[in-house]
Amino acid sequence: MLDARIAIPYHWQAGDFMAGFFAGLREGRLLASVCSKCGCKSLPPRKHCLPCFTGTGTLVEVPNAGKLLSFTRWTGGRSADETAFYAKASGQAAGQGKGPALGPAWGIVQFDGCDTGMLHFINREAFEKLSPGVRMKAVFRSASERTDAITDILYFDVAS
Amino acid sequence: MSVQTAMTSPRVAIVHGAQTQHKPRKETLNVAEMLDGPVRRLLKETQLTHKDIETVITCSSDFLDGRTISDMAVQEVTGSIGKSASKVSNDGAFALIYAWMRLLSGEFKTSLVTAHSKCSEGNQALIENAAFDPLLMRKLGLTNLAASALQARAMLGAAGASGRGKFNERDFALAACHNLAAAAKNANAHNGGTYTPEQIKASPLLCEPIHALQAAPYSDGAGCLLLATEDWLREHHWKKPVAWLTGLGYATEEHYLGDKNLAENRALRKAAQEAYRRANIKDAQEINCLEISAPFSHQIPLWLEELGCLKNTSFEKHLQTGRLNRSGGLMGAMPGFASGLIRVIEAARQLQEAPGSVGLAHGVNGFPGQSHCVWVMKSEALA
């Protein structure tokens, strides 16, 4: 048996359109796309409208409030590999040094006025309060920790 | 070889298939050695040699195999060297499309289709995570399990929220009971057993609402089948019943999990409609055996609904028809990209034992069921 590992660094371009979305996250804003033809509002934004393929063109800010469509939390590992994988993911979910032992939770939230849902981690400590349709908000990392990435949002949480 | 401009496409049949005894870990064998067993058995049982095979389509995942151009790993056992050979990196049911089209073109009369995966050799959570878009989803630690759990929850959701609430957790448990029981009778499966719905629900939660006994196992395994045109079968005076490919449909849906209603699956609905139209199936009740691919048990009722099988019956009643996943489906073994081709092989085998019957085989790719491939076939010996 040969034990080895493939580790290849990549440098993915977000694209000029998605760069606008990530720049919005840096400012703590949620920017959606609006289709110039069918009016479909997508968050995360789509450069090309999925229902009608039209170039959507512009980004508009949406309020940080929406409803929960679906949710789950990881609760057990079938293997050491799997447990290690989710422990790492939950480290990202909770920020540094908080909650990795619990594992990640995820949810899909439809922000007000949007036609699509957005996926992210969910604050696992609020999990018992979750049900379909519950009001949710995005919680951002502190401004100094943001890196123009989807993880500039820490998680979705129940709106109180 | 001349390029033929066929006015009518030839009829194409699955002549025979073979598969490994799937295991959680195939010790000592590399992927080529693992695939060698089924290929040799196929040739022996059909009394053919590699010389009879005109084109070879292999199916494997570069990510699962840990090497790009992963078909090169199996060329010594597929007999592809020096032949017109190609690879499909998608579920094995999709690999059959490529081979079928090559025969429809009139350019080739026989094709060997192979698929293999050894899930034991890689880290499945990392490999699955790599299937997600790197900007929006991969960093969130998603896997097939997490995405499928979001799907299951959406299916349970109240009407008016995302889900339609048509199925409940008991359905998910019954689906697992059904396939695990069938898998226990399948000598090629390595997972299965007799369970009550209560025992299924008492098994550890992996990712709510999915319990351990509702998740298909990761497996090592391989399968292969031989396709041939009607002309070739006549030239060879083929007497045994074969499974004629009468209908095919495949479709895909949105990759981003927030872009669709997870409580339904439009891709499978479209694929099924396309396959039924081509096979002239007016009602899914006409199908005698269904081999569907569901990595998680909650997908079994959803897939059946989109396949049009639950129009006049409940899910629980449909389980009693005895036509669903007699092999146990993926609950018995889920060897990566080989999984869908093994469903095709299973359906064709069941049809060969019951000439005149109609079968359906289904493959899925992407999480949680983004692309679907539906084959309809009918068994019949040459007149």
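Note on naming: letters A, B, ... go to the chains in the order of the sequence lines (proteins, then strands), and numbering restarts at 1 for each one. Only heavy atoms go into these numbers, but all of them, side chains included; no hydrogens, no water, no symmetry mates.
- Closest approach of G117(A) and Y256(B) over heavy atoms only: O-CE2, 3.3 Å.
- Neither the backbone nor the side chain of E121(B) has a heavy atom closer than 4.5 Å to any heavy atom of chain A.
- No more than 12 heavy atoms of other residues, nucleotides or ligands sit less than 6.0 Å from atom OH of Y250(B).
- Comparing T116(A), L43(A), I150(A), T72(A) by how many heavy-atom pairs each has under 4.5 Å with chain B, the most go to T72(A).
- The distance from atom CE of M18(A) to atom CG of D133(B), rounded to the nearest 0.5 Å, is 7.5 Å.
- Residues W106(A) and G141(B) approach most closely at CZ2-O, 3.3 Å, considering heavy atoms.
- Closest non-hydrogen pair, S70(A) versus A154(B), comes out as OG-N, 3.4 Å.
- With values rounded to the nearest 0.5 angstrom, I153(A) atom CD1 is found 9.0 Å from L140(B) atom CG.
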*Given T143(B) and E82(A), is the side chain to side chain contact (heavy atoms under 4.5 Å, CB included) satisfied, shown in steps?*
CA-CA 10 Å; T143(B) 57; E82(A) 206 170 272; over 6 Å; no
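- Listed by chain and residue number, F127(A) satisfy the ring-ring contact (aromatic ring centres under 6.0 Å, His included) test with F71(A) (two or more places apart in sequence, or in another chain).
- No part of A212(B) comes within reach of chain A, as not one of its non-hydrogen atoms sits under 4.5 angstrom from that chain.
- In this structure, CG on D81(A) lies 7.5 Å from CG on L126(B), to the nearest 0.5 angstrom.
- Proximity to chain A (any heavy atom under 4.5 Å) is shown, for L142(B), by both the backbone and the side chain.
- Residues of residues 198-209 of chain B that come closer than 4.5 Å to chain A, counting heavy atoms only, are L205(B), L206(B), C207(B), E208(B), ordered by residue number.
- In this structure the side chain of F85(A) never reaches within 4.5 angstrom of the side chain of E128(B), judged on heavy atoms.
- With a 4.5 angstrom heavy-atom cutoff, L119(A) touches chain B via backbone and side-chain atoms both.
- Expressed to the nearest 0.5 Å, how far CG of L68(A) lies from CZ of R153(B) amounts to 9.5 Å.
- Proximity to chain B (any heavy atom under 4.5 Å) is shown, for A14(A), by both the backbone and the side chain.
- In terms of heavy-atom pairs under 4.5 angstrom with chain B, the leader among R78(A), M118(A), Q110(A) is R78(A).
- No side-chain heavy atom of Y10(A) sits under 4.5 Å from any side-chain heavy atom of P134(B).
- Atoms CG and NE2, on L136(B) and H120(A) in that order, are 9.5 Å from each other to the nearest 0.5 Å.
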_The test is side chain to side chain contact (heavy atoms under 4.5 Å, CB included); show your working for F21(A) and L135(B) and say whether it passes._
CA-CA 11 Å; F21(A) 168 69; L135(B) 290 174; over 6 Å; no
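- Taken from CD1 in I108(A) to NZ in K260(B), the straight-line distance is 9.0 Å, to the nearest 0.5 Å.
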*asked:* If you apply the rule side chain to side chain contact (heavy atoms under 4.5 Å, CB included), what do you find for L145(B) with Y86(A), and how did you get there?
replied: CA-CA 11 Å; L145(B) 173 64; Y86(A) 290 115; 3.9 Å; yes
